[in-house]
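A short worksheet on the structure shown next.
First the proteins, then the strands, lettered A, B, ... as listed; each starts at 1.
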Protein chains: 2
Amino acid sequence: MGFDLDKKNTMQKIIRCDKSKKGFIDKEILDLVNFINSLNDYYTTSSCSGRILLLKQSESNKKHETTWIFSSHKFIKYEDLKKSLDDLPEELVFFRMEAPILHICCRTTEDAVRLLKSANSAGFRRAGIISLSKKITVEIFSTERIDVPVSCKKRLIVTKEYFEFLIKIANQKLKNSRKRIKRFKLLLEQYCH
Amino acid sequence: MGFDLDKKNTMQKIIRCDKSKKGFIDKEILDLVNFINSLNDYYTTSSCSGRILLLKQSESNKKHETTWIFSSHKFIKYEDLKKSLDDLPEELVFFRMEAPILHICCRTTEDAVRLLKSANSAGFRRAGIISLSKKITVEIFSTERIDVPVSCKKRLIVTKEYFEFLIKIANQKLKNSRKRIKRFKLLLEQYCH
């Protein structure tokens, strides 16, 4: 199947839902995703604008064995989390801030290289071509992150004050991520249009 | 300059020191690095076997403005850190566990794709071709990480007990990283020899 047919099929699916767990594209990254999909030589297959999570981690640390207790793509307050802390599990729970992530299919390797350069210039330090065989796919990611164990054996192991401090840092990192998404769109408008 | 000459020049530099900040290759990843460099179509340009850090982070979060207060590629105990906690800075200090990272130059894109597949099979979830123009370079990285704010304005904001708990988790993640490095070498022996 050629690039154009793949793109058409993917775009039809995106109208219904994208590949991500939650089933729709975040508002905060929608402008960038729409712009990329308007270009002739690119289309997105998944995207996340960055998020704040509480997640229960299994011993094995395998992705499919990880359960979200709380998830937000928006800035949060302690009160937003509070309900999720009422019924904590036996397993270790992490408070996490994750950077934005994008998967983008490219028509040619030259298009992929151009995309990588714009991503790096926008501050996405982990950007690479993850597939070259059937499809040329670029993964774009940055290193911004918090990953803090907050509960174990059904009990909180940090104070409310520390939690509030974590939230402040996570919100700041999320804010920086938003700026990076906007910068990336501006750079793409210059170099990939 | 061709691949073979680039490799020869890089290997001569590696004998003196590799590109990393500390100036030598960690013992824990040396077997893998030596094996990769023994292959005809690959050579490493930088490597880290994973580490536990205390780092002072600037407001801007730029890499060159980040200072290490403590760094270890080995499993640690609270006592190893203690001295570093005596004179804390004004800035935010993070306790961090970082996963292994490798940069590997490949002769052809087919060699790069083969390497990516082995890296993914070994559990390195973030592996991609980061350069295709002058040199074909693959970056290999995994998602294992802890990133916890531990001090602010010269004062610790977590207890000794919590620190000991963090160290236990960080050591476990470092142990998993070591296993991943070994698994990757085994897979390369099968598929890239």
Chi angles and distances behind the salt bridge (Lys or Arg N to Asp or Glu O under 4.0 Å) call for A:K77, A:E164: CA-CA 8 Å; A:K77 295 191 295 284; A:E164 283 174 338; over 6 Å; no
Top of A:R126, A:K117, A:M97 for chain B proximity - count of heavy-atom pairs under 4.5 angstrom: A:R126
Per-residue contact mode, B:I101 against chain A (heavy atom under 4.5 angstrom): side chain
Test side chain to side chain donor-acceptor pair (under 3.5 Å) applied to A:N176 and A:R180, A:R178, A:Q172, the passing residue: A:Q172
Centroid separation B:F124 to B:F141 less than 6.0 Å: no
Portion of A:V138 that has a non-hydrogen atom of chain B nearer than 4.5 angstrom: neither
Interface moiety of B:I130 toward chain A, non-hydrogen atoms closer than 4.5 Å: both
Check ion pair A:R145-B:D147 (N to O, under 4.0 angstrom): no
Whether B:F3 and B:Y43 hold their rings parallel, tilted or perpendicular, with breakpoints at 30° and 60°: tilted
A:Y42: which of A:L39, A:T44, A:N40 passes side-chain contact (heavy atoms from CB on, under 4.5 Å): A:L39
Top of A:I146, A:T159, A:T137 for chain B proximity - count of heavy-atom pairs under 4.5 angstrom: A:I146
Residues A:E110, A:R114: salt bridge by 4.0 Å N-O rule: no
Hphob cluster co-occupancy, B:L115 + B:L186, side-chain heavy atoms under 4.5 angstrom: no
Those residues of residues 150-157 of chain A, ordered by number, that approach chain B below 4.5 Å (heavy atom to heavy atom): A:C152, A:I157
Axial cation check for B:F70 ring with B:K56, 6.0 Å and 45° limits: no
Chain A interface, residue from B:F94, B:F95, B:F165 that has the most non-hydrogen pairs under 4.5 Å: B:F165
